[in-house]
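Notes for the one structure printed next.
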Amino acid sequence: MIFAANFKTNHTRKSTELYIKELNEKLGAKKPEDKVYIFPPATALDAYEGDFKIGVQNAYPTINGAYTGEIGVEQLDEFDIKTILIGHSERREHMGESQEKVAEKFSFFQEHDLEIIYCIGEPLYIREKGFEAVMQYLLAQFEGIDINYASLIIAYEPIWAIGTGRSATVEEISTTHRALKKVIGNKPLLYGGSAKPANIKEIINIAGVDGVLVGSASLDADSFSEMILS
Ligand code: PGA
C-alpha cells in the first residue's frame, strides 16, 4: 500500500521537522512493502531522512528562469526531490490550471524523470449525473497524459469528498477504481478524499485501491501513522 500525506498550505519548516521526527518513531513498525510519501509546503523542503519519500505539491515546468513566485527543477534538485503531485483539483480549480497546462507539466516532469502522482477527480454535479458522466469526466483528465509512463501513480480524488469529512462510499470507490484500472492497467491507483483513521481499513481493503492520498488526516503525525499501521 501507498500512504501519501499532502500537507497543502499547512505546516511550517519547524513543524514539518517535528512531524517527521514523530513519524520516524512510528515507521519502524510499518510493513516493509508499504510506501510512505510526504508532500510538505515548498518552504519546508529539506534533506530529511527516514523510510519515506519527500515530494513537492507543485513546481513550474522549467529548470530555472523568470517565473516569479515559482520553483523549478534546479530548486528541486537542491533537495533531491524526485516526486511531484500534478493535477490536484485545488490547482485546477483555484489556480486555474487547465488540462492543457496540467499535461504540459506532466510531459516536462516526465522528461526530467520525476515520479508523478497524477490526480483526477470529478465535482459533485458530475457525480450526480451518474456513473457514465463520471467516467467521461475522469477520462478527459487523461488527455495529453502518457499513462504508460513507468514512474506514474494515479490518485482518484472525488472533489466533493476532499476536505469535507465525507469520503466516497465503498461502493463508489470500488466501481470507479475498477473502471479506471481497465484504462490505466497495472499503475498504482490511490484513493483520496476524507481518508482518515476511522475509514482507512475499509478503503484499503477495496479491490483496486493501492493506497491513499491524505490531506486533513495526514496533518497530525499520530493520525497519519495510525493510518499507515492500521
Ligand atoms: P482530504 O484531502 O484528505 O483533506 O480530503 C485529500 C487531498 O486533497 O489530497
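For the single chain, residues carry numbers from 1 onward in sequence order. Numbering of ligands and ligand atoms starts at 1, following listing order. Side chains are part of it too, since the values below use all heavy atoms of this structure and drop only hydrogens, waters and symmetry mates.
- For ligand 1, residues of the protein lying within 4.0 angstrom by heavy-atom distance are Asn6, Lys8, His88, Glu157, Ala161, Ile162, Gly163, Gly193, Ser194, Leu213, Val214, Gly215, Ser216.
- For Lys14, the side-chain contact (heavy atoms from CB on, under 4.5 Å) test picks out Thr12, with sequence neighbours left out.
- With sequence neighbours left out, Ile206 forms a side-chain contact (heavy atoms from CB on, under 4.5 Å) with Val170, Ile173, Ser174, Val209.
- In the hydrophobic clustering of ILVMFWY residues, with side-chain heavy atoms under 4.5 Å counting as a link, Met1 and Phe52 come out together.
- A distance of 6.0 Å separates CD1 of Ile153 from CG of Leu190, quoted to the nearest 0.5 Å.
- Listed by chain and residue number, Phe7, Tyr19 satisfy the ring-ring contact (aromatic ring centres under 6.0 Å, His included) test with His11 (two or more places apart in sequence, or in another chain).
- Ring pair Phe224/Phe3: centre-to-centre distance not below 6.0 Å.
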